[in-house]
Amino acid sequence: MHATAPHLHLSPEMRRYAALDQRLLAAAGTIRILPTVSWPASVEERLIEEFGAGRVSIPDIRYRPPVLDQTKAELEAIEAEVDEDHPIAEYLRRTAESWRIAADMLHGAGTDRVTETSVQLYGKPGDAIPGSNRSNLDAARYFVDLADELGADLETEDATGSIPAEELRRDMSERLDAFFAPGTISVQVDPELTAKAAAGATRIRLRGGVRFTEYDRHQLLAHEAFVHSLTALNGREQPVLASLARTSPRVTATQEGLAVFAELMSGAIDISRLKRISLRILAIDMALNGADFVDVFRYFRDCGQHVADSFHSAQRVFRGVPLTGGSAFAKDNVYLSGLLAVHTFFRWALRQRRLDLLRNLFAGKLALHDVMSLEPHFESGDIALPRYLPPWMQHVHGLAGKLAFSLFVNHIHMAGVEAEEISLGL
């Protein structure tokens, strides 16, 4: 993991925090959440073939829980050493705690301990949306119902993919070389990847063996490149908090919400994408309430996804947990709750004329809370301003126009539609 060395001009206090942050980063580097709980692509391919042939049964998946006792002890020690009232100390304490919970989660891979700790980290579908009497589950049902009214046929749309992974790789490489600098981010095709794409600071991987749609092309650039990779690169510029280059569990909701919000702002999202995100939340709720892997797979099939996508979606719900019902891996809960929180934050910042806070959000892997609490350290230079901003953030008037429209529409009553429903749908 790349880390920026503390600058010589830092105060003794900031040097102490920088040293603690380096320890935090080293400890977190031993924790690999998704690689531990994900299923191998080769296993998925075999099972998808069986499910496609009608041989549907609960798979037998085994995990190898990592030994993270020393990591947990180091994280506990860091938490104890930053037990003071200071914004950066609070950031370090919260971040260390979230990694410690993640280590505990992985220690229980294959058991219900993953359910409990993943809910602790990512929330659950029934949680209330901040500032609303509605839940994440209500939002998911809203978007699924709307997509169905509009005739979003997921299976038909899945079949329209015509862009080979290698072609998309070349296209993304050209665009990223032009935006950042040649060679800053490499794009690779990975046949073992189970998700469509995965992004780090200097590498984006695309799933091999699939064909992508035009929406995929734009969505992956907006989501993976211009949020996940971009914020990681900005995090590497930090003089004190080098850990801002890595997504900790506690910032996952903001980071994924920001990435989906970027799709929205750049016109790279469609109602089918919102339906997929929402179906995963409904499926997590089903699993927590007793549905097993086969039940959830059939649910995705009934909702219009083809066999392979239904299997991948069910696998996401059951990563690292028993497959027999009552368990779930809750990470996909954050996509919609994070989107709604980020959208609300952007509208609030516009209303307060605080576009500086919105720019600061891209300085690294931050939670919304961090942008507010760490504001004095952006002003002092202890936290570097972002070097890169997504294309849509560089056009402030266009961003303001979209958000201003949302602010106004929230107050309009339409025939037969309550104002809170409008608020939830925007």
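Computed from heavy atoms alone, side chains included, the values below leave out hydrogens, waters and symmetry copies. It should be emphasised that the depicted structure is a prediction, and the values quoted were computed from it without experimental measurement. In what follows, residues are counted from 1 in the order of the sequence shown.
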Original post:
Does a side-chain N-to-carboxylate-O contact under 4.0 Å join Arg23 and Asp21?
Top reply: no
**OP:** Mind listing the closest non-hydrogen atom pair of Ala27 and Thr71 along with its distance?
**Re:** O-CG2, 3.5 Å
Subject >> Within-4.5 Å side-chain heavy-atom neighbours: Leu357 and Gln352 >> reply: no
Original post:
Using the benzene-type ring in the case of Trp, are the ring centres of Tyr388 and Phe362 under 6.0 Å apart?
Top reply: no
Original post:
With a cut-off of 6.0 Å (strictly less than), are more than 12 heavy atoms of other residues, nucleotides or ligands near NZ of Lys72?
Top reply: yes
Original post:
Is there a side-chain contact between Leu106 and Ile31, using heavy atoms and a 4.5 Å cut-off?
Top reply: yes
Original post:
Hey, is the main chain of Leu10 close enough, under 3.5 Å, to the side chain of Arg15 for a donor-acceptor pair?
Top reply: yes
Original post:
Heavy-atom distance under 4.5 Å between the side chains of Gln188 and Ile204, does that happen here?
Top reply: no
**OP:** Considering only NZ, NE, NH1 and NH2 on the basic side and carboxylate oxygens on the acidic side, decide whether Glu116 and Arg113 come within less than 4.0 Å.
**Re:** yes
Original post:
Any side-chain donor-acceptor pair under 3.5 Å between Ser243 and Tyr91?
Top reply: yes
**OP:** Using modelled atom types only, decide if a donor and an acceptor are shared between the side chain of Thr30 and the backbone of Ala26 within a distance under 3.5 Å.
**Re:** no
Subject >> Heavy-atom closest pair, residues Arg64 and Thr36 >> reply: O-CG2, 4.5 Å
Subject >> Donor-acceptor side-chain pairing of Arg347 and His343 below 3.5 angstrom >> reply: yes
**OP:** Decide yes or no on side chain to side chain contact (heavy atoms under 4.5 Å, CB included) for His377 and Ile88, but give the supporting numbers first.
**Re:** CA-CA 9 Å; His377 296 282; Ile88 291 183; 3.9 Å; yes
**OP:** Name the orientation class of the two ring planes belonging to His86 and Tyr17 (parallel below 30°, tilted from 30 to 60°, perpendicular beyond 60°).
**Re:** tilted
Show the atom names and distances, to 0.1 Å, of all donor-acceptor pairs under 3.5 Å that link a side chain in residues 335-342 to residues at least two apart or in another chain.
{"residue": "Tyr335", "atom": "OH", "partner": "Lys331", "partner atom": "NZ", "Å": "3.3"}
{"residue": "Ser337", "atom": "OG", "partner": "Asn333", "partner atom": "O", "Å": "3.3"}
{"residue": "Ser337", "atom": "OG", "partner": "Val334", "partner atom": "O", "Å": "3.4"}

**OP:** Please name the pair of heavy atoms, one in Ala245 and one in Lys365, separated by the smallest distance, quoted to 0.1 Å.
**Re:** C-CG, 3.9 Å
Subject >> Smallest separation among heavy atoms of Ala197 and Glu224, with atom names >> reply: O-OE2, 3.8 Å
**OP:** I would like to know whether Gln305 and Ser313 meet side-chain hydrogen bond (donor to acceptor under 3.5 Å, both in side chains); could you show each step before the answer?
**Re:** CA-CA 9 Å; Gln305 293 187 189; Ser313 296; 3.0 Å; yes
**OP:** Taking Arg280 for its side chain and Ile277 for its backbone only, find out whether a donor-acceptor pair lies under 3.5 Å.
**Re:** no
Original post:
So, does Ser98 use its side chain to make a donor-acceptor pair with the main chain of Thr95 at under 3.5 Å?
Top reply: yes
Subject >> Side chain Gln238, main chain Ala384, donor-acceptor under 3.5 Å >> reply: yes
**OP:** Flag the pair Asp309 and Arg276 as a salt bridge only when some basic side-chain nitrogen lies within less than 4.0 angstrom of an acidic carboxylate oxygen.
**Re:** yes
Subject >> Donor-acceptor contact present, side-chain Asp127 to main-chain Gly123, <3.5 Å >> reply: no
**OP:** Side-chain contact test, heavy atoms from C-beta onward, threshold under 4.5 Å: evaluate it for Phe261 versus Val227 and give yes or no.
**Re:** no
**OP:** Taking all non-hydrogen atoms of both residues into account, name the closest pair between Ala222 and Ser266 and its distance.
**Re:** CB-OG, 3.4 Å
Original post:
Which is it for Asp112 and Thr115 under the side-chain hydrogen bond (donor to acceptor under 3.5 Å, both in side chains) test, yes or no, and what are the steps along the way?
Top reply: CA-CA 5 Å; Asp112 254 337; Thr115 302; 3.1 Å; yes
**OP:** Mind checking the CG-CG spacing from Asp382 to Leu374? Nearest 0.5 Å is all I need.
**Re:** 10.0 Å
Original post:
Given side chains that start at C-beta, do those of Asp138 and Ser135 come closer than 4.5 Å, heavy atoms only?
Top reply: yes
Original post:
Is the shortest heavy-atom distance from the side chain of Asp370 to the side chain of Arg250 under 4.5 Å?
Top reply: yes
**OP:** Could you tell me whether Arg273 and Asp270 make a salt bridge, using a distance below 4.0 angstrom between a side-chain N and a carboxylate O?
**Re:** no
Original post:
Does the side chain of Thr213 come under 3.5 Å of the side chain of Asp216 through a donor N or O and an acceptor N or O?
Top reply: yes
Original post:
Where the side chain of Asp177 meets the backbone of Gly183, is there a donor-acceptor pair that is under 3.5 Å apart?
Top reply: yes
Original post:
Parallel, tilted or perpendicular for Trp39 and Phe311, by the 30°/60° rule?
Top reply: perpendicular
Original post:
Do side-chain atoms of Thr184 reach the backbone of Phe180 as a donor and acceptor pair under 3.5 angstrom?
Top reply: no
Original post:
Got a sec: does the CD of Gln70 have more than 12 other heavy atoms crowding it under 6.0 Å?
Top reply: no
**OP:** Specify the closest pair of heavy atoms between Pro239 and Ala18, including all atoms of both residues, with the distance to one decimal.
**Re:** O-CB, 4.5 Å
**OP:** Can you spot which of Phe293, Phe329, Tyr63 makes a ring-ring contact (aromatic ring centres under 6.0 Å, His included) with Phe318?
**Re:** Phe293
Subject >> Lys/Arg-Asp/Glu bridge criterion (N-O < 4.0 Å) met for Arg387, Glu237 >> reply: yes
Original post:
Got a salt bridge between Arg94 and Glu97, using NZ or NE/NH1/NH2 to carboxylate O under 4.0 Å?
Top reply: no
Original post:
Taking NZ, NE, NH1 and NH2 as the nitrogens, is one of them in Arg207 or Asp190 under 4.0 Å from a carboxylate oxygen of the other?
Top reply: no
**OP:** Determine whether Ile185 and Arg203 make a side-chain contact, defined as any pair of heavy atoms from C-beta on separated by less than 4.5 Å.
**Re:** no
Original post:
Is it the case that His223 and Glu256 place a side-chain donor and acceptor less than 3.5 Å from each other?
Top reply: yes
Original post:
Between Arg217 and Glu214, does at least one N-O distance fall below 4.0 Å, as a salt bridge requires?
Top reply: yes
Subject >> Asp145 with Arg141: basic N within carboxylate O range, under 4.0 Å >> reply: no
Subject >> N-O pairing of Arg170 and Glu166 below 4.0 Å >> reply: yes
Original post:
Is any side-chain heavy atom of Arg46 closer than 4.5 Å to a side-chain heavy atom of Ser42?
Top reply: no
Original post:
Between the side chain of Arg354 and the main-chain N/O of Phe346, is any donor-acceptor distance below 3.5 Å?
Top reply: no
**OP:** State, without any angle test, whether His312 and Glu44 hold a side-chain donor-acceptor pair at a distance under 3.5 Å.
**Re:** yes
